[in-house]
Structures are given as C-alpha cells and as structure tokens.
Undergrad: 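Got a structure for you, questions after.
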Amino acid sequence: MPELPEVETTKNGLKKLLLNKKILKVEIRNPNLRWRVDDSIIFKLQSQTIQSFSRRGKYILFNLDRGHLMIHLGMSGNINVTDCPTSLEKHDHFLLYFNDRMMRLNDPRRFGSIFFLEDLNHKLLNSLGVEPLSEDFHSNYLYINSRKKSRNIKSFIMDGKVVVGVGNIYACESLHKSGINPKTKACNISRERYQNLSKQIQNVLRKAIKAGGTTLQDFAKVDGNPGYFSQELSVYGRENESCYKCNGKIRRIIQNQRSTFYCPICQK
DNA sequence: ACACTAACCTGCAAGC
DNA sequence: TGCTTGCAGGTTAGTG
C-alpha cells in the first residue's frame, strides 16, 4: 500500500511498537520476494535489539546493534505487529518474534524486498535521489536537474534517482495542482513552474503523511489495513469525472506503462 | 548518458 | 457459472 506517506506511517508505527525490542526468532516462510531472501539473514538478525528506525525513500531501516534490516514494501506489502501468538495469513512471508509480540510482512505480489546491511553503503540506497521533504529538495532542484531531459515530466518526478517517494498517485496529484500537463517534456518547464511543482509535491506528501497518522491507530490491529483511500484525490482514479478546478473531464492515459490521470483543460 | 521496455507476482472486477 | 482480460500504490536490469 505504499507511497512515501504509507511508508513513513509504517515506520512510525513500528517505532512505537518495536523500539528497543530484541529479536528472539526470525522466520522466512517464503523467500521469493523481489530478490530472494538469503537464509543467512536469520542468524544475522537473531538476538539483536532494534536501536532506532529510519526511512530512506520507500525503504524502512531497522537500525540494530550491528547492521540494519532494510525492508521495501513493493506494491502490495504491509507490515503488521500483533500479540503473540497470532494465526498467520496467506502471504505472510517474513516474521520477527519478540518477547510479547510479533511482526509480519504480508505481501501478495511479492515485489517487496528484505536485506540485511552491514552498513548503509548499499547499491540500492546509493542510487536514490533526494528526499522531497528535505532541504536538498530546494525550489531550483527540479529545474536544474531537468535541463536536457527530454522525457515527460511525470516520469521525471517519479524517477527515484531524481527524487524519492513520489509514486503514481502523488505524481498525478501534484501535477494537477501545479496545472502542468503530464506529457510536457521536463526540459520545457520553466523555473517558475518547477518552483510551484516542488511546493505542490511537498504539500501533497505532507498532507498525506498527516492523514496517515490516523491510520496509525489501526496499526497494531490484526485486521489493520491502512485507510489509504480516505485521501481526497483530485484526479487519481477519477477518469471521466469532472475536474474540481475547471469542471473539465478528467482523462486517463498510459505513460511509461502506468495510468496517468489529468485534466486536459487546466493542465497545460 | 539517456529513454524506454519487460519483467517480477497475485488478486480483483468487469465483460462475455 | 467460469473463463479471459485488464488493471493495481514499485523499481530494477537490460536494450538500443
């Protein structure tokens, strides 16, 4: 269920429930995720205490006594913390047991991933772009990095090597709020429009993280499914409905193998 | 260096 | 009712 706000919410929930907990047992029920989970992770994690949690892009980092557990939720991943014992569900692939509770990674499509890192110098982390809510994502960042980029603006802002955490929903939403047509070439967008776009990206993410906070209460529940769709979305999933801004008809097109929702009237 | 595709999976809803 | 099709919140490796 994860775009950046979901991951941030998940990370904060884990912090609440698992900080300073000692991992007593590790169980891999299905190692075939995006990358096969190596059995050696079991003894590497065992007996370690979780010192802190952090997030980089859509990766959740469990910072341990020695090394880090890094988890990505892919398209359909979800982490639950429950009392122990709990009846397991289909697609519960990876389990951590603590003295009085357990953590389950459930991921039907198995696009998620799990790694043990000795340190944070890892290929997948090193290739990530800036955090959208950090100072590095300043008003000129997108403008500067988009010069000579002929690809469309939507794929540009969804590129994790440019800026992390902007998934399909928030790419559509922030482009709509900025009044930018998603088909526009990244190099053809002015500095002024990029300043607006970066602000809209931050706004939409901050707002969603705040909304994710309400999800937090459900976090420990067995049936706790994040209420992601409670967002009020302006264009995403609203094909053929009317635009809140201009009453135009919202269209769905395919860009880079993904659905794009936009309003052809007010996104130019 | 850049742009774009195929690929990794399951589940669900819609259409026939 | 069952079958087929299309679609889903991500991201990498590979190709040209």
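In what follows, chains are A, B, ... by sequence order, proteins preceding strands, each numbered from 1.
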Undergrad: Is there a side-chain contact between Lys123(A) and the phosphate of dT12(C), meaning an N or O under 4.0 Å from OP1 or OP2?
TA: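 For dT12(C), neither OP1 nor OP2 has a side-chain N or O of Lys123(A) closer than 4.0 Å.
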Undergrad: Please determine whether any donor N or O and acceptor N or O are separated by less than 3.5 Å between the side chain of Arg110(A) and the base of dC9(B).
TA: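 Answer is no: no donor-acceptor pair is held.
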Undergrad: Judged by modelled atom types alone, do Asp38(A) and Ser40(A) share a side-chain donor-acceptor pair under 3.5 Å?
TA: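 Side-chain D/A pair, Asp38(A) to Ser40(A): present.
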Undergrad: For residues Ile28(A) and Ile42(A), determine if any side-chain heavy atom of one lies less than 4.5 Å from a side-chain heavy atom of the other.
TA: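 Answer yes - side chains close enough.
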Undergrad: Less than 5.5 Å between centroids and less than 30° between ring planes, does Phe111(A) satisfy that with dT11(C)?
TA: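 Not stacked by the 5.5 Å and 30° rule.
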Undergrad: Please give, in whole Å, the distance from dA8(C) C1' to Asp107(A) CG?
TA: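 Atom CG in Asp107(A) sits about 13 Å away from atom C1' in dA8(C).
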Undergrad: Below 4.5 Å, heavy atoms only, C-beta onward: do Leu69(A) and Phe53(A) meet side chain to side chain?
TA: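 A side-chain contact is absent here, since even the closest heavy-atom pair is not under 4.5 Å.
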Undergrad: Any side-chain heavy-atom pair from Leu197(A) and Ile157(A) closer than 4.5 angstrom?
TA: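 Result yes, sub-4.5 Å side-chain heavy-atom pair found.
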Undergrad: State whether Glu89(A) and Arg104(A) are salt-bridged, where the test is any N-O pair (Lys NZ or Arg NE/NH1/NH2 against Asp/Glu carboxylate O) under 4.0 Å.
TA: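 Judged by the 4.0 Å cut-off on N to carboxylate O distance, Glu89(A) and Arg104(A) do form a salt bridge.
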Undergrad: Would you mind reading off the distance between Arg147(A) atom CZ and dC2(B) atom P, rounded to a whole angstrom?
TA: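 Checked: the CZ to P distance equals 13 Å.
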Undergrad: Answer with base, sugar-phosphate or nothing: what part of the nucleic acid does Leu124(A) contact at a heavy-atom distance below 4.0 Å?
TA: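 If one applies the 4.0 Å heavy-atom cut-off, Leu124(A) turns out to touch the sugar-phosphate alone, with no base involved.
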Undergrad: With heavy atoms under 4.0 Å as the rule, sort Gly160(A) into base, sugar-phosphate or nothing.
TA: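 Touches nothing.
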Undergrad: Counting heavy atoms from C-beta on, name the nucleotide in dA8(C), dC8(B), dT5(B) closest to the side chain of Arg34(A).
TA: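 Per side-chain heavy atoms of Arg34(A), the pick is dC8(B).
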Undergrad: I want to check something: taking the side chain as every heavy atom from C-beta on, are Asn181(A) and Lys268(A) in contact at a cut-off of under 4.5 Å?
TA: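 Counting from C-beta outward, Asn181(A) and Lys268(A) never come under 4.5 Å.
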Undergrad: How many Å lie between CG on Asp159(A) and C1' on dT11(C), as a whole number?
TA: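 The distance from CG of Asp159(A) to C1' of dT11(C) comes to 10 Å, rounded to the nearest Å.
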Undergrad: By nearest nucleotide on DNA chain B, pick out whichever of Gln257(A) and Lys149(A) is the more 5' one.
TA: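 Looking at the nearest nucleotide for each, Lys149(A) comes out on the 5' side.
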Undergrad: Would you classify Phe156(A) as touching base, sugar-phosphate or nothing, given that sugar-phosphate means primed atoms plus P, OP1 and OP2, and contacts are heavy atoms under 4.0 Å?
TA: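 The residue Phe156(A) makes no contact with any strand.
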Undergrad: Sequence neighbours left out, what pairs pass salt bridge (charged side-chain N to carboxylate O under 4.0 Å, His left out) with at least one residue falling in residues 178-191 of chain A?
TA: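 Qualifying pairs, neighbours excluded: none.
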Undergrad: Which part of the nucleic acid does Ser259(A) contact within heavy-atom distance under 4.0 Å: base, sugar-phosphate only, or nothing?
TA: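 Counting heavy atoms under 4.0 Å across all strands, the contact made by Ser259(A) is with sugar-phosphate only.
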Undergrad: Please report, rounded to the nearest Å, how far the C1' atom of dG10(C) is from the CD1 atom of Ile60(A).
TA: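 Ile60(A) atom CD1 is separated from dG10(C) atom C1' by 14 Å.
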Undergrad: Taking the six-membered ring for Trp, is the centroid-to-centroid distance between His122(A) and Phe115(A) below 6.0 Å?
TA: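 Yes, they do, as the ring centres are separated by less than 6.0 Å.
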Undergrad: With a 4.0 Å limit, can you tell me whether Lys58(A) has a side-chain N or O closer than that to the phosphate oxygens OP1/OP2 of dT11(C)?
TA: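 For dT11(C), OP1/OP2 do have a side-chain N/O of Lys58(A) under 4.0 Å.
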Undergrad: Distance check, P atoms only: dC9(B) and dG14(C), in whole angstrom units.
TA: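 So the two P atoms sit 16 Å from each other.
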Undergrad: If only side-chain N and O atoms of His91(A) are considered, is one of them under 4.0 Å from the OP1 or OP2 phosphate oxygen of dG11(B)?
TA: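 His91(A) to dG11(B) OP1/OP2: side-chain N or O found under 4.0 Å.
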Undergrad: Using only modelled atom types and a 3.5 angstrom limit, is any donor from either the side chain of Arg109(A) or the base of dA8(C) paired with an acceptor on the other?
TA: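 Donor-acceptor pair under 3.5 Å: yes.
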Undergrad: Please measure how far the P atom in dG6(C) lies from the corresponding atom in dA6(B), and state the result in whole Å.
TA: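 Each nucleotide's P atom is 15 Å from the other's.
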Undergrad: So does Lys161(A) get a side-chain nitrogen or oxygen closer than 4.0 Å to the phosphate oxygens (OP1/OP2) of dT12(C)?
TA: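 Result: yes.
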Undergrad: Using whole Å, report how far CD1 of Ile169(A) lies from C1' of dC7(C).
TA: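 Atom CD1 in Ile169(A) sits about 14 Å away from atom C1' in dC7(C).
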Undergrad: May I ask you to say what Arg36(A) touches in the nucleic acid, namely base, sugar-phosphate or nothing, with a heavy-atom cut-off under 4.0 Å?
TA: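 Contact class for Arg36(A): none.
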Undergrad: Given atom CG of Leu105(A) and atom P of dG10(C), what is their separation to the nearest angstrom?
TA: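 Spelled out: CG on Leu105(A) to P on dG10(C) is 16 Å.
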Undergrad: Can you run through DNA chain B from 5' to 3' and write each base as (, ), [, ], | or . depending on how it pairs? Watson-Crick or G-U wobble, both distances under 3.5 Å.
TA: .|||||||.|||||||
Undergrad: Write down the distance between CG (Asn256(A)) and P (dA7(B)), rounded to a whole number of angstrom.
TA: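 Rounded to the whole Å, the gap is 17 Å.
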Undergrad: Can you tell me how far P of dG16(C) sits from CZ of Arg151(A), to the nearest Å?
TA: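 The distance from CZ of Arg151(A) to P of dG16(C) comes to 20 Å, rounded to the nearest Å.
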Undergrad: How many angstroms lie between atom CG of Asn168(A) and atom CD of Glu3(A), to the nearest 0.5 angstrom?
TA: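 That separation rounds to 7.0 Å.
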Undergrad: NA contact type, Ser150(A), heavy-atom cut-off 4.0 Å: base, sugar-phosphate, or nothing?
TA: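 Ser150(A): backbone/sugar contact only, no base atoms under 4.0 Å.
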Undergrad: Does Lys185(A) reach a base, just sugar-phosphate, or nothing at all? Heavy atoms under 4.0 Å.
TA: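 Contact class for Lys185(A): none.
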Undergrad: How far, in whole Å, is dC7(C) from dT5(B) if one measures between their P atoms?
TA: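 Going atom to atom, P in each nucleotide, I get 16 Å.
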